[in-house]
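Index from 1, following the sequence.
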Amino acid sequence: MLAYIGLGSNLKDPKEQIKRALSALNDNNEIELMTSSSLYESKPLLDIPGPNYINAVCKIETKLSALDLLDLCQEIEESQQRVREVKWGSRTIDLDILLYGGQIILNKRLSIPHPEAINRAFVLVPLFEIEPEIKVPLLGPIKLLLDRINKLDVKKL
Ligand code: ROI
């Protein structure tokens, strides 16, 4: 299965956090890391006070189920001592499964396509960089999704 994961960090050397998480994905036997986007910098969403975020998106090939992939993402978050005191608060590392094949998944632990992330510039811009022709289930071609948002919100590093 092809899947896309969004990564974000705004604490404790964010660029290093993203790189560590990408290596952890790559080191896993059940995952082949196919591509990762450039790093992008943006202000915290909704102008919530805090350091700027670094974000990236990667494309993986995996035989893991969506829920097993979620477990793995959460293990990686924990191994990087994720701090997340409050919802919308700063965090050392965040891994979101954005897309899992063309599947639509809705259960207690997982909503795919990721309902919030997939509308955000810091996800759409790096996803477009690595997969300009992708169609997001339920939502359509990424090109059209990008046209609706303000791409100036993110700066390519
Ligand atoms: N803001 C930005 N710019 N990037 C993120 O990855 C991010 N992640 C979050 C919230 C707190 C919503 N804000 C963010 O979870």
Colleague: Got Y40 and V125 here, is their nearest side-chain heavy-atom distance under 4.5 Å?
Modeller: yes
Colleague: Pick one: which of D96, I112, L110 meets side-chain contact (heavy atoms from CB on, under 4.5 Å) with L70?
Modeller: L110
Colleague: For the side chain of Q17 and the backbone of K12, is there at least one donor-acceptor N/O pair under 3.5 Å apart?
Modeller: yes
Colleague: Please tell me if the side chains of N52 and S42 come closer than 4.5 Å, counting only heavy atoms from C-beta onward.
Modeller: no
Colleague: Carefully, step by step, assess N119 and R148 under the rule side chain to side chain contact (heavy atoms under 4.5 Å, CB included).
Modeller: CA-CA 9 Å; N119 282 309; R148 301 192 329 222; 3.0 Å; yes
Colleague: Apply the test side chain to side chain contact (heavy atoms under 4.5 Å, CB included) to residues N10 and I54: give CA-CA distance (whole Å), side-chain angles for both, the deciding distance (0.1 Å), then the verdict.
Modeller: CA-CA 6 Å; N10 76 335; I54 304 296; over 6 Å; no
Colleague: Where do I130 and S36 come nearest, in terms of heavy atoms and distance?
Modeller: CG2-C, 4.0 Å
Colleague: Measure the shortest side-chain to side-chain distance between D153 and F122 over non-hydrogen atoms and say whether it is less than 4.5 angstrom.
Modeller: no
Colleague: Check the pair L39 / K15 against side chain to side chain contact (heavy atoms under 4.5 Å, CB included), numbers first and verdict last.
Modeller: CA-CA 8 Å; L39 301 180; K15 288 180 199 159; 3.8 Å; yes
Colleague: In the structure I gave you, are the side-chain heavy atoms of L127 and S37 within less than 4.5 Å of one another anywhere?
Modeller: no
Colleague: Any carboxylate oxygen within less than 4.0 angstrom of a Lys/Arg side-chain nitrogen, looking at D68 and K63?
Modeller: no
Colleague: For L7, does its backbone N or O pair with a side-chain atom of N55 as donor and acceptor, under 3.5 Å?
Modeller: yes
Colleague: Is it true that the side chains of S38 and E129 contain a donor and an acceptor less than 3.5 Å apart?
Modeller: yes
Colleague: Rounded to the nearest 0.5 Å, what separates atom OG in S65 from atom CD in Q103?
Modeller: 9.5 Å
Colleague: Going through the distances and angles, do I31 and L69 end up as a side chain to side chain contact (heavy atoms under 4.5 Å, CB included)?
Modeller: CA-CA 9 Å; I31 288 185; L69 181 59; 3.8 Å; yes
Colleague: Would you say M1 ends up clustered with L106 if hydrophobic residues are merged whenever their side chains have heavy atoms under 4.5 Å apart, either directly or through other cluster members?
Modeller: no
Colleague: Tell me which donor-acceptor pairs under 3.5 Å the side chains of residues 131-147 have, and how far apart each pair is, sequence neighbours excluded?
Modeller:
from, atom 1, to, atom 2, distance (Å)
E131, OE2, Y4, OH, 2.4
E131, OE2, K59, NZ, 2.8
K143, NZ, D147, OD1, 3.4

Colleague: Has E77 got a side-chain atom pairing as donor or acceptor with L95's backbone, closer than 3.5 angstrom?
Modeller: yes
Colleague: Side-chain contact test, heavy atoms from C-beta onward, threshold under 4.5 Å: evaluate it for L67 versus R109 and give yes or no.
Modeller: yes
Colleague: Taking all heavy atoms of L72 and all of N28, pick out the closest pair and write down the distance.
Modeller: CD1-ND2, 3.4 Å
Colleague: Any side-chain heavy-atom pair from R120 and I149 closer than 4.5 angstrom?
Modeller: no
